[in-house]
Protein chains: 2
Amino acid sequence: MRSGSVRETSAPRYLQIAEDLAEQIQKGVLPPGEKIPSESELMDRYGVAPGTARKAVAELRATGLIETHHGKGSFVKSRPPVNRKSSDRFRRSHRKAGKAAYLAEAEQAGAKPSVRVLYVGPTEAPADIADRLSVAPGTQVLARRRLYFSDGVPTEEATSYLPWDVAKDIPELFAENPGGGGIYARLEDHGHILAEFSETVRARLATKPEAVSLSLSPGAPVIHLTRNAYSEAGRVVEVCDTLMAADQFILDYRIPAGD
Amino acid sequence: MRSGSVRETSAPRYLQIAEDLAEQIQKGVLPPGEKIPSESELMDRYGVAPGTARKAVAELRATGLIETHHGKGSFVKSRPPVNRKSSDRFRRSHRKAGKAAYLAEAEQAGAKPSVRVLYVGPTEAPADIADRLSVAPGTQVLARRRLYFSDGVPTEEATSYLPWDVAKDIPELFAENPGGGGIYARLEDHGHILAEFSETVRARLATKPEAVSLSLSPGAPVIHLTRNAYSEAGRVVEVCDTLMAADQFILDYRIPAGD
DNA sequence: TAGTGGTCTAGACCACCGG
DNA sequence: CGGTGGTCTAGACCACTAA
């Protein structure tokens with residue numbers, strides 16, 4: 001039984017409730033980090049059934065305004081400063097200055113960056129990686145998998161792959177911290193002068209395991225970035241796959257207009 | 001009452017059903033365009049309540065495997081060939097050859113492209129646009145809003161803004177079709193030689209109105225691309241906002257490794 | 001008019017979290 | 001342990017579509 005409303009075909013009740021809560025978040029009545037009313041409280045307050053209150057909360061979660069934790073409640077998301085990924089980050093002068101790109105960028109955004117190395121060592125190249133490195137699938141390559149944090153929150157997972165014959169002579173690449181300027185600086189130290197990078201950008205929804213490792217709500221959007229590093233000899237000396245929480249990043253690119 | 005299952009804490013029933021259907025789609029048992037079983041049929045077939053069948057369908061919709069049409073049913077999405085957006089598309093030689101970037105790219109992907117002009121004319125610049133054009137908010141600018149189709153399916157909505165003093169002397173910019181090489185060629189015809197473009201890429205979920213205009217399921221991911229065109233004089237002579245269905249595009253960029 | 005999905009009710013039980 | 005969200009049931013009525 002629907003209660004008599006002014007407009008019979010108005011917006012669904014669950015959207016009205018979501019809208020109401022969204023407004024309170026926007027106005028700061030519910031500040032970031034604050035717990036929003038529980039589902040049973042929403043039932044009482046708006047006089048709706050469990051399923052309806054539930055759907056209102058789901059709507060807010062889908063739009064990224066809140067995150068919910070089983071057994072604890074739903075909380076207003078803090079809007080962290082976005083990290084800008086600039087194409088400038090690959091300039092040789094930056095590498096020479098010993099800057100680590102992710103560090104400088106995160107600090108510029110006013111966040112405390114940190115890294116956790118998940119794995120460094122030999123791996124059999126998956127098909128897509130092998131293709132980009134121009135080696136046979138299953139060939140042994142060096143993999144470096146890292147998880148990046150911004151203010152303690154995981155935001156980005158990156159895996160670099162290097163051909164074994166390139167990596168084997170560069171001991172720093174097997175260390176957790178490859179030293180100032182990162183692995184690109186080490187490659188150039190050992191004669192692999194870099195000429196160009198190519199990047200591809202895709203956006204999609206996170207899979208279940210991805211959502212877990214980046215601690216996202218399932219169904220949150222992610223940016224999937226792939227990068228190939230070309231040496232002056234024209235060889236791909238490194239490829240990198242990066243998965244980012246989409247709401248944390250803006251990617252910047254500069255494109256010359258020339259011929 | 002849960003029926004006795006082998007594993008008590010197994011995956012939720014609605015995910016099992018979704019997985020089952022996803023497998024049939026993957027294997028081609030349910031080919032693109034095919035109608036999937038209705039919710040009531042799923043209830044019978046799997047012996048679940050309406051809400052559970054419903055949630056299974058919602059899961060498939062969220063992962064982009066199907067699209068649902070009220071009153072008709074849910075249908076397996078055809079995976080159209082992705083459109084690659086390459087940074088090469090802005091080369092002057094392409095403009096001189098009279099190529100329109102979107103046309104060449106879509107055709108290369110094996111799709112029939114088309115365009116609908118939604119609006120061409122004066123507009124008061126919104127705050128963000130005005131900022132990028134270095135004019136005061138509310139200043140009159142020329143807006144060109146287009147909707148792009150691939151095989152008749154809307155995939156991309158783009159709006160260009162040009163400062164009035166730049167646009168007013170170029171009559172082609174007020175026409176629906178600005179001629180070979182697009183508006184960038186016309187700008188260069190009239191002395192605004194282009195030096196560089198800068199692009200920013202964001203990914204997020206579509207809002208309700210955006211989902212409507214691109215005919216996406218609500219909650220589908222979109223790529224929001226902004227581009228500034230710089231003349232050799234260092235002035236921003238055009239800015240462009242583009243909204244793309246994320247599953248339709250891969251963006252390509254090349255980045256020099258130099259200083 | 002029959003069939004479809006969209007919204008909603010009013011309960012139930014389970015799993016996780018904190019004190 | 002009580003409170004929270006996660007899953008599920010078994011119905012109801014509405015809105016849209018096609019025959």
Side-chain angles (χ1 to χ4, degrees), chain A residues 1-5 7-19 21 33-62 65-77 208 211-212 215-219, chain B residues 1-5 7-19 21 33-62 65-77 208 211-212 215-219:
Chain A
M1 180 241 313
R2 299 290 302 278
S3 63
S5 58
R7 180 87 174 71
E8 198 49 58
T9 50
S10 53
R13 197 83 180 89
Y14 76 93
L15 280 183
Q16 292 179 24
I17 298 172
E19 182 68 24
L21 291 171
E34 186 83 357
K35 185 175 169 301
I36 71 166
S38 74
E39 294 179 0
S40 32
E41 194 166 337
L42 291 177
M43 288 167 54
D44 293 349
R45 190 179 299 184
Y46 293 95
V48 293
T52 306
R54 186 159 185 71
K55 221 176 168 203
V57 175
E59 184 70 18
L60 290 175
R61 185 174 45 239
L65 277 177
I66 62 169
E67 53 187 356
T68 84
H69 297 281
H70 194 166
K72 293 204 295 185
S74 295
F75 303 83
V76 178
K77 262 205 215 174
K208 271 274 158 61
V212 170
S215 58
L216 300 172
S217 323
Chain B
M1 182 242 309
R2 300 289 303 279
S3 62
S5 58
R7 179 86 175 72
E8 198 51 56
T9 50
S10 54
R13 197 82 180 89
Y14 76 93
L15 279 183
Q16 292 178 24
I17 298 172
E19 182 68 24
L21 291 171
E34 186 82 356
K35 185 175 168 302
I36 70 166
S38 73
E39 295 179 0
S40 30
E41 194 166 337
L42 290 177
M43 288 168 54
D44 292 349
R45 190 179 298 185
Y46 293 95
V48 293
T52 306
R54 186 161 186 70
K55 219 173 170 207
V57 175
E59 184 70 17
L60 290 175
R61 186 174 44 235
L65 278 177
I66 63 170
E67 54 187 354
T68 83
H69 298 280
H70 193 167
K72 292 204 294 187
S74 294
F75 302 84
V76 178
K77 262 205 215 176
K208 272 272 159 62
V212 169
S215 57
L216 301 171
S217 325

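So that the names make sense, note that chain A is the first sequence line, chain B the second, and so on, each numbered from 1. Every value quoted in this text rests on a predicted model; they were computed, and no experiment measured them. Reckoned from all heavy atoms, side chains included, excluding hydrogens, waters and symmetry mates.
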Taking only the side-chain nitrogens and oxygens of [X], find out if one of them lies under 4.0 Å from OP1 or OP2 of [N].
X        : N      : result
Thr68(B) : dT4(C) : no
Tyr14(A) : dC8(C) : no
Lys72(B) : dG3(C) : no
Thr52(B) : dT7(D) : no
Ser74(B) : dT4(C) : no
Ser38(B) : dT4(C) : yes
Arg54(A) : dG6(D) : yes

(request) Consider the side chain of Pro50(B), meaning its heavy atoms from C-beta on, and name the nucleotide among dG5(D), dG11(D), dC8(C) that approaches it most closely. (result) dG11(D)
Let me confirm one number: the [atom1]-[atom2] distance from [X] to [Y], rounded to the nearest 0.5 Å.
X        : Y        : atom1 : atom2 : result
Arg45(B) : Ile17(B) : CZ    : CD1   : 10.5 Å
Lys55(B) : Leu42(B) : NZ    : CG    : 15.5 Å
Leu21(B) : Leu65(B) : CG    : CG    : 9.5 Å

(message) Assess whether a salt bridge exists between Lys77(B) and Glu67(B), defined as any Lys/Arg side-chain N lying under 4.0 Å from an Asp/Glu carboxylate O.
(response) no
(request) Using heavy atoms to find the nearest nucleotide of DNA chain D for Glu39(A) and Gly51(A) separately, return the residue whose nucleotide is more 5′. (result) Glu39(A)
(message) If you assign each of Ile36(B) and Ala53(A) to its closest nucleotide in DNA chain C, which residue comes earlier from the 5' end?
(response) Ile36(B)
(message) Applying a 4.0 Å non-hydrogen cut-off, can you work out what Val48(B) is touching in the nucleic acid: base, sugar-phosphate, or nothing?
(response) sugar-phosphate
